[in-house]
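Any value given below was found using the heavy atoms of this structure, including those in side chains, with hydrogens, waters and symmetry copies removed. Letters A, B, ... are given to chains in the order of the sequence lines, protein chains preceding strands, and every chain is numbered from 1.
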Protein chains: 2
Amino acid sequence: MDVDTRVLRYYVAVAEHLSFTRAAQELFVSQPSLSRQIQRLENEVGAALFVRTGRRVRLTAAGESLLPAARRIVDDWRQAVREVRTAEAARRKLLRIGFVATGAGPLGRRARTAFTSAHPGITVEPKRFDWGGEADALRQGLADAAFVWLPADLSGLHARVVATEARWVALAATHPLAAARDTVSIMDLRDEPLMWTRKAPQEWVDWWAVNPRPDGSAPRWGPENDNVEEMLEHVAAGNAVCLGTESMAGYYTHPELTWRRVTDIEPLRIAVAWPHGRTGPLVRAFVDTVTGLAADHGEPRVSPA
Amino acid sequence: MDVDTRVLRYYVAVAEHLSFTRAAQELFVSQPSLSRQIQRLENEVGAALFVRTGRRVRLTAAGESLLPAARRIVDDWRQAVREVRTAEAARRKLLRIGFVATGAGPLGRRARTAFTSAHPGITVEPKRFDWGGEADALRQGLADAAFVWLPADLSGLHARVVATEARWVALAATHPLAAARDTVSIMDLRDEPLMWTRKAPQEWVDWWAVNPRPDGSAPRWGPENDNVEEMLEHVAAGNAVCLGTESMAGYYTHPELTWRRVTDIEPLRIAVAWPHGRTGPLVRAFVDTVTGLAADHGEPRVSPA
DNA sequence: GACCTTCCATGCCTGAAACGTATGGACGCG
DNA sequence: CGCGTCCATACGTTTCAGGCATGGAAGGTC
């Protein structure tokens, strides 16, 4: 009689991929676990939802008819939670700004101070998320606005690009390249194990890793991590190198770490983003503050993608 | 990010009763467990849903705003599951008839055989439920039609009273009343421990127990049970007596059990019931079969309550 | 036709969470 | 000022989702 929305998400994912294996990868669960959850659900509703015939999976009539309800419930709950979280923040006079690592760098701090002096009653609450988490945080109502690092999934969001930052590479202080060069080329990093994360989609990881490289080769992959601190720990320990932003080179100085500018890869584009739908006046005011500051400093002002 | 519809039902129940204790009773969970679940939910959505101020519970603004979504999701899922179950039964050419204990007695069996000969391709599947479970089974799509023992919660259902049955009492074969009387009065049972169940609502239990008694007294309560078999085991063991129907006196004969007619209490009314909304032609045909047979034998034909 | 790959299901173990019982603590009432 | 009511917390138990290892069936290849 009862279901968890998690199970409904599983069901929708399998229905969309028509594959347990691929759905399990997308959902970050093991394939056996997913199989069992679907079996449980089928048992609960008293009908098979999928026909598994060897290497092909397809929906049964029951599976087709239940699917819209599953999507509806998942979306309904998502939206309801988002609204409650947003309303609660508004009630507490909070403006929650999501970001990753250094966010928009100096622009973020300038925006925060400018906004605070213009709206003295409001507390601006910076909220740090794991790699690729800022955009989801907006969709889940965990932040009111965010500095999103592109590329990112912007569905359900408005976004304006407000800054770009050159990319740098972090090396262990003892790394040969640190001594040899003031700036490096992406091809200098050909054989270096590069950090990656499973928190962000593949597209995001590939963009950061410059995959494929200009010569068509693939990067060598190093350890996985969820956020800046973990990443830099690995780098300082000499297990890998990582790409980051110019701001990160300034913010995360560390005796065992050396930053070098990478000259021949495209810079990071940073957008200020906020969710679709009714947004409070504070969000609009913050976005305007950011875009105003960005324009003053010659940053591009771009329409949403 | 995820919720179980169970938790949403808990939330709705607390919101309706504005009391954790009473909601817990209605939900058949302990009050501490309910408190924990609500806390979890509040933590999940990031806002208090209730204000607990000593002996009074009331909704917060967040609680008010989340409530419609919670109701919507619970109902949505209920309905979706009901439709899938019903469609699956139709696909398998099944007509599932819910009942409790002996259902409508001889009328039920006559209806079944008549229906089966008129619809040879259809399998009629009798489905036995625990006390008070027939009506819920209809709402949950676990049966297509049912013989419902009144009083019952008929919300969401159509119902027609098709039979009445005199009530009898079951006694251990060794019970003094069994030897002394051919029929008994409800007041003869004043001091006998009477069976009861927590599967059915209080109103149902009270009606069966004739509570209050004609003289205003309350029954003496004996052990709890979920269905006929459990009930009669207790009675045969001499732990209690129980009220039942005339059919039960005929169906559940047992060397250690004696049945006696109770002369001075109102008979059981039995309705054939089916869910609101689109129903297949089979359901309608079955209902017509039953009402036709009931009319042939002089049973009342009554509109829904 | 035998082999191999692919993909879902099953068995087994582990960790988290939901439940119940017992108990604490705050408020209202007599 | 005790007493009852009602929600929260503590603790032990059971249930269940998750991962890993493995089985078994379907389809493709040589």
Expected output check: what is the dot-bracket annotation of DNA chain C, where ( ) and [ ] are pairs inside the strand (brackets for crossing ones), | is paired with another strand, and pairs are Watson-Crick or G-U under 3.5 Å? ||||||||||||||||||||||||||||||
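By the ring-ring contact (aromatic ring centres under 6.0 Å, His included) test, A:Tyr11 pairs with A:Phe50, sequence neighbours left out. Residues forming a ring-ring contact (aromatic ring centres under 6.0 Å, His included) with B:His276 (at least two apart in sequence, or on another chain): B:His158. A:Trp204 pairs by the side chain to side chain donor-acceptor pair (under 3.5 Å) definition with nothing, not counting sequence neighbours. When the side chain to side chain donor-acceptor pair (under 3.5 Å) test is applied to B:Asp206, the partners found at least two apart in sequence or on another chain are B:Gln202, B:Asn211. Residues meeting the side-chain contact (heavy atoms from CB on, under 4.5 Å) test with A:Ser217, sequence neighbours left out: A:Arg213, A:Asp215. Taking A:Arg9 as the reference, B:Asp2 meet the side chain to side chain donor-acceptor pair (under 3.5 Å) condition, with sequence neighbours excluded. Not counting sequence neighbours, the partners of A:Arg128 by the side chain to side chain donor-acceptor pair (under 3.5 Å) test are A:Glu229.
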Pairs under 3.5 angstrom only: tabulate donor-acceptor contacts from the side chains of residues 134-142 of chain A to other protein residues two or more places apart or in another chain.
residue: A:Glu134; atom: OE2; partner: A:Trp149; partner atom: N; Å: 2.9
residue: A:Asp136; atom: OD1; partner: A:Arg139; partner atom: NE; Å: 3.4
residue: A:Asp136; atom: OD1; partner: A:Arg139; partner atom: NH2; Å: 3.2
residue: A:Arg139; atom: NH1; partner: A:Asp153; partner atom: O; Å: 3.0
residue: A:Arg139; atom: NH1; partner: A:Ser155; partner atom: O; Å: 2.7
residue: A:Arg139; atom: NH2; partner: A:Asp153; partner atom: O; Å: 3.4

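Across the protein-nucleic acid pair, B:Phe50 atom CZ and D:dA8 atom P stand 10 Å apart, rounded to whole Å. Rounded to whole angstrom, the span from the CG atom of B:Leu18 across to the P atom of D:dC7 amounts to 10 Å.
Nucleic acid contact for B:Thr53: none, since no nucleic acid atom lies under 4.0 Å from a heavy atom of the residue.
Applying the side chain to side chain donor-acceptor pair (under 3.5 Å) test to every pair with at least one member in residues 57-69 of chain B, sequence neighbours left out, gives no pairs at all.
Within the structure, every side-chain polar atom (N or O) of B:Thr21 is placed at least 4.0 Å from both OP1 and OP2 of D:dC6.
Between the side chains of A:Gln31 and A:Ser35, at least one donor N or O sits under 3.5 Å from an acceptor N or O.
In the 5' to 3' direction, nucleotides of DNA chain C lying under 4.0 Å from heavy atoms of chain A begin and end at C:dT6 to C:dC12.
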B/S/- along nucleotides 10-24 of chain D (protein heavy atoms under 4.0 Å) is -------SBBBB---
